[in-house]
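Presented below is the structure to which this report refers.
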Amino acid sequence: MRVSVSKIDLSVSLCNIKLTNPTILASGILGTTKALLKRVAENGAGAVTIKSVSVEPREGHKNPTVITFEAGMLNAVGYSNPGVEAAAREFKDLQDVSVPVIASVIGTQKKDFVRVVEGFSKTKFSAIEIPLSCPHTPGFGLLAGQGTPKATFEITSAVRRLTKLPVFVKVSPNIPEICTIAKAAEDAGADAITAVNSMGPGMIINIEAQKPILSFKVGGISGDALRPVAVRCVYDLYKAIKIPIIGVGGISTGRHAIEMLMAGASAVEIGTGVYYRGVDVFRKVCGEMTVWMQENGIKNVKSIIGVAHD
Amino acid sequence: MRVSVSKIDLSVSLCNIKLTNPTILASGILGTTKALLKRVAENGAGAVTIKSVSVEPREGHKNPTVITFEAGMLNAVGYSNPGVEAAAREFKDLQDVSVPVIASVIGTQKKDFVRVVEGFSKTKFSAIEIPLSCPHTPGFGLLAGQGTPKATFEITSAVRRLTKLPVFVKVSPNIPEICTIAKAAEDAGADAITAVNSMGPGMIINIEAQKPILSFKVGGISGDALRPVAVRCVYDLYKAIKIPIIGVGGISTGRHAIEMLMAGASAVEIGTGVYYRGVDVFRKVCGEMTVWMQENGIKNVKSIIGVAHD
Amino acid sequence: MVLKTLKVLLVLHMIKRKKIKLVSFSSREIEEKKAEQPVMVKICKITKESPGVKIFFFESDVKFTPGQFVMVWIPLLDEKPFTISYFQDNILGISVLKRGLFTSVLHSKKVGDTIGIRGPYGRGFNIKTNLNVCVVGGGIGMASLTTLVDKLNSVNNKQGLNITIIHGARTAAEILYQKRFRDMKLCTEDGTAGFKGTAVDLFENLIKRQRFDTVYACGPEKMLYKIFELCQRNKTNCEVSLDRYIKCGFGVCGQCDCSGRRICVDGPVFNMEELSEMKDFGKMTVTKTGERVIC
Amino acid sequence: MVLKTLKVLLVLHMIKRKKIKLVSFSSREIEEKKAEQPVMVKICKITKESPGVKIFFFESDVKFTPGQFVMVWIPLLDEKPFTISYFQDNILGISVLKRGLFTSVLHSKKVGDTIGIRGPYGRGFNIKTNLNVCVVGGGIGMASLTTLVDKLNSVNNKQGLNITIIHGARTAAEILYQKRFRDMKLCTEDGTAGFKGTAVDLFENLIKRQRFDTVYACGPEKMLYKIFELCQRNKTNCEVSLDRYIKCGFGVCGQCDCSGRRICVDGPVFNMEELSEMKDFGKMTVTKTGERVIC
Ligand SMILES: Cc1cc2nc3c(=O)[nH]c(=O)nc-3n(C[C@H](O)[C@H](O)[C@H](O)COP(=O)(O)OP(=O)(O)OC[C@H]3O[C@@H](n4cnc5c(N)ncnc54)[C@H](O)[C@@H]3O)c2cc1C
Ligand SMILES: Cc1cc2nc3c(=O)[nH]c(=O)nc-3n(C[C@H](O)[C@H](O)[C@H](O)COP(=O)(O)OP(=O)(O)OC[C@H]3O[C@@H](n4cnc5c(N)ncnc54)[C@H](O)[C@@H]3O)c2cc1C
Ligand SMILES: Cc1cc2nc3c(=O)[nH]c(=O)nc-3n(C[C@H](O)[C@H](O)[C@H](O)COP(=O)(O)O)c2cc1C
Ligand SMILES: Cc1cc2nc3c(=O)[nH]c(=O)nc-3n(C[C@H](O)[C@H](O)[C@H](O)COP(=O)(O)O)c2cc1C
Ligand code: FES
Ligand code: FES
């Protein structure tokens, strides 16, 4: 029953991208500079995602932008980013990063997505993720109506026409019709669905100050609180679509990653886990997965994808 | 600045129902028998709500129906209840319960709500709550399309015509258009909005069994994970509607209750808090509110309702 | 009103005494958060105790008090309560009487199969030392009393404890734990073994002649009620373990009510004072839908 | 590849040694969950340290290491990082140089007003004992070094510690903490007090004549880089505290990067080995949008 460590295979293939293990750095956590991506790669991630980039530079919301509570994290960073020109400069020479790098591309309109993808045309990204699902940035994601099947289809199609790279569409857990959205993305030629973005939004009030803490008042919820919702979304999507799913939301241990794979994810992204366990959360999660697989006689991580389904 | 205990006033008035304090037992937690309602009242609740009652008896989902995780609780009880006839028998002679008792009425169609309310016509309830928002029971709530403005308006109107008691409409945190739903209820003559029902749904998979744990696979999320979402919903509703709001979701301490009142709630319901802190959670929450009010020089709890707004 | 003020003052006093932390971010006194989720365990041994009862053994480091129960999960089927009736080192056992679907599927499990366990739940028996004790088990109710007897024996080893065990069954074949407790006083309704009659009859005979300091009982509620009445009449202390339909097992769903007390957390074991306040005891039970019906 | 295998083995080894709990429900080793949320504190005293700098005192039982910082929240406005520059019993103080909107609003606060505090954040200075130490503070950077000096003094009281404090400012009026540290070596760019020139100039003079075991520095990054170079050349150990735009303060947003190291958790204090690996040090900084620009 027990398998020796050397026989455990954590590698997965995601839209023909080979990953040495299924853990990926989620967008918006640490992905601001190439140096940070490198560091995350050295700490065991199978791939890394940059922080989302728009056409123009953005300062984002005022602080506080990220806070935590006992059940998770709230953030309303507001898509601060240096704009595509500076980002393309920052992320040139990606060969320094030892694992595949995924671009995250945002825009207020279809043509913005196009401009950012064009701006990245000389950058050696391995895939493009388009989050249409941020719950707390005016002009983007849910607050710009991008979370409808129609908008999803149009934006995805536009990006699809422009690039040969795999396109991942990142969806929101807040939309009851998540499967319809994902199908629209699939129909438009998306290669994978990233599920999910942060949840809510939520609000935390400091009762002594009598005011919401986040400067934007509300923020997306991530971390432990999100995990059961994310697992349910991935489980539902696995039945509804044919393209692979990247599971995100509250993963910080090997058990969590295995749960997400069993629900139907082909790989997992980790964001808030960096807060819970440090930059080496990727190595820790892989170590825990390895031990669990050893003890449960599973050699190949690919074999557990979707097994929670009847 | 400090106020002496004897001067602290926790009483609130909710649609002309006088409550000695703003804590109310949420529906579905312990409210199966009159004896349990009595016990909760003796443990400090300002009012209590019965477990939701339908026309016919229901066995609900198979077990496991309620589980917890580090960030909250998942339940898919499936509205088990003895049906209105038996419930009306159980809850006659409500004068034994020292605080107001709120009926919770469910149905698969408008006429079911009507029949249950009629079945309760001789029972001395102080108000009627109609949850149109359960995320995990086929035939009811969200799974029956009751979470639309139209259905909300129709069901609320029908109940409104039937009874002189205050009608509370309980809404879901899962619906982005929560304010539109609440307004439809307000327009139909609801006296208050109960915000919110459980969230999600979510799923937890046991990775050794490789199966979802809940027999219904998914369940509504309550407890800590829900609190920031509930606070945000109440905050938004406070701006959108004129009728009072009962805040529910993740409240288990005095600080949580105060936060919810500041967001705009006139009273709070407590469910999962019973798990976190025991049946006397109501007394504990009131004690903590009292100490906080003392230390912060606030005499009257009514004075903090909605103060988090600009 | 005076009472209410007193209660508030008491809470304030507790807060002052730091039982409730207030200033810190989390003002809940329960710090350690446990997940109420089944953990899969492998069945390592199965024995047949009677034609209808099998004992399933599994490894677990769960710590429990005699009288507590666990919820047993069979994935995709259901989850039901069973008392821990065997405990040695890290091996636990549950004794399962085949009744309906769940217990039938459980009976079909083989060594090496896994089942889910969560718990232990509930409040078990109070272990009294150095006394004349009587233990009364009716049918499968005997399962709840087994580890109590073990515990009483181990605690009281050399202190002159005197345990009388009464075990009643319908017929000889249904008698349980005969090898485990060799000196049980048996009774069968059909007289095929021991005393002919019910456990209550035998108990009534005994209590007329003998003084018990504590009586522990588990079995059908009618039986328990009669034992409780006999103890009241004889001014004898007793503790009984009750039975209700269990859903959550940790005190939130309200399914297992008996006169405002939850079997799953306030019980299943109750003492005389509590029982005397529980109007439903021996009279009303609660069905799966939550209806209170005559039992 | 060999390295990777080694790393996996190391993790497995750690897991075996129970640093990572696996079987239990929560396999995270971080058990105590802290909320990264501001706590409101009342300003109990305000002193004016120079025309541009005020010190705000408040009660707090936060424990910190010299060099760590807190995030100061003004509700509905913003939240920014400030070093704890004063610490006695449960009274903490922050020294605030008025620069833009946030610090202006902070300067307008009165005794009795409240501000939000979260933290402490970051890794502070390494306290070395029994040595010849030099502390170099440029402008408001001196704030980070005050509690370090206090700590060095208290730890080394009778152990023959020799602290040289260099404090540079543009002009005499901007000199800070003159009463607190009476024996500082001052320098001003305009020569209105002490040595005429920069702190780097004065430090360069000193290090030629004198051997320091450790140099601690905080101030403009250009200054820090020169001091680091001088220390490298003189084979002198040094630790410097860096400055970047801070958002989350606890290591997730990536805003405060300096060559893959986060100022807010990996720093703000870095040692020589780290600094020598940080290509951006002294050269590139990150703006509020996240753009890496020449500094
Ligand atoms: C605290 C407690 C401890 C128990 N310990 C044991 C034990 O050690 N050994 C043992 O054999 N039995 C024990 N039982 C009873 C056991 O739970 C039932 O026999 C079992 O659930 C029957 O399930 P079934 O599907 O086979 O039968 P069904 O046909 O579903 O039911 C048969 C009868 O079992 C009871 N029952 C069914 N489901 C439940 C439930 N969820 N909760 C409570 N009772 C139920 C009802 O009285 C029902 O009429 C215990 C019950 C309780 C409350
Ligand atoms: C670890 C650390 C410790 C600090 N300690 C102190 C201290 O003890 N005393 C003190 O007076 N100042 C300190 N600062 C700098 C202080 O945070 C800024 O002076 C303050 O944020 C200026 O805000 P403003 O709105 O008044 O000015 P703005 O006009 O907004 O900015 C003026 C300059 O301040 C800096 N700044 C602004 N916002 C931030 C931010 N969020 N994070 C980092 N730098 C920022 C930038 O360099 C900017 O150019 C510290 C900074 C860091 C990173
Ligand atoms: C601080 C922070 C910033 C984020 N920024 C982005 C972003 O820029 N783009 C994006 O697609 N998602 C962003 N997210 C969402 C995450 O990528 C992820 O979907 C979400 O946090 C859930 O995963 P987790 O629980 O592992 O964090 C952000 C999340 C956090 C916590
Ligand atoms: C076990 C359980 C059963 C519930 N049953 C009902 C119900 O029957 N009717 C209803 O309106 N809400 C029901 N709810 C929802 C609660 O009333 C409440 O809205 C929700 O749990 C959020 O509050 P909390 O975090 O304080 O528990 C149930 C919740 C739980 C946990
Ligand atoms: S079984 Fe749910 S309260 Fe006892
Ligand atoms: S400020 Fe967010 S990582 Fe440092």
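On a predicted model such as this, the values are computed, not experimentally measured, just so you know.
- Heavy-atom distances place both the backbone and the side chain of C:Arg262 under 4.5 Å from chain B.
- Counting only distance, with no hydrogens or angles, the side chain of B:His256 and the backbone of B:Arg227 share no donor-acceptor pair below 3.5 Å.
- In summary, the aromatic rings of B:Tyr275 and C:Phe250 are positioned with their centroids under 6.0 Å apart.
- Electrostatic pairing of C:Glu79 and B:Lys62 does not count as a salt bridge here, judged by no charged N lying under 4.0 Å from a carboxylate O.
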In sequence, state the C-alpha distance, the side-chain angles, and the governing distance for C:Glu239 and C:Arg123, and then conclude on salt bridge (Lys or Arg N to Asp or Glu O under 4.0 Å). CA-CA 11 Å; C:Glu239 292 192 1; C:Arg123 189 185 61 165; over 6 Å; no

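- The choice from C:Pro38, C:Cys248, C:Gly116 that makes the most heavy-atom pairs within less than 4.5 Å of chain B is C:Pro38.
- Counting heavy-atom pairs closer than 4.5 Å to chain C, the top-ranked of the candidates B:Val274, B:Thr65, B:Asn206 is B:Asn206.
- Put simply, of B:Glu208, B:Lys34, B:Glu59, the one with the most heavy-atom pairs under 4.5 Å next to chain C is B:Glu59.
- Not a single donor-acceptor pair under 3.5 Å links the side chain of C:Asp113 to the backbone N or O of C:Lys109.
- Heavy-atom pairs under 4.5 Å with chain B peak, among C:Cys256, C:Ser259, C:Gly254, C:Cys258, at C:Gly254.
- Heavy atoms closer than 4.5 Å to chain C are found nowhere in B:Lys38, neither backbone nor side chain.
- Defined by atom type and a distance below 3.5 Å, a donor-acceptor pair is present between the side-chain atoms of C:Thr287 and C:Thr289.
- For chain B, the option among C:Ile115, C:Asp257, C:Ile246 with the highest count of heavy-atom pairs below 4.5 Å is C:Asp257.
- Contacts with chain B were tallied for C:Thr114, C:Asp280, C:Leu77; C:Leu77 has the most, counting heavy-atom pairs under 4.5 Å.
- For B:Leu37, no part lies near chain C; criterion is any non-hydrogen pair under 4.5 Å.
- Heavy-atom pairs under 4.5 Å with chain C were tallied for B:Ile213, B:Asp280, B:Ile207, B:Ile67; the largest tally goes to B:Ile213.
- Chosen from C:Leu76, C:Val39, C:Asp78, the residue pairing most often with chain B at heavy-atom distances under 4.5 Å is C:Asp78.
- For the residue pair C:Lys283/C:Tyr225, the side-chain donor-acceptor check at 3.5 Å is satisfied.
- A parallel orientation is assigned to the rings of B:Phe216 and B:His61, their planes being inclined by less than 30° (bins at 30° and 60°).
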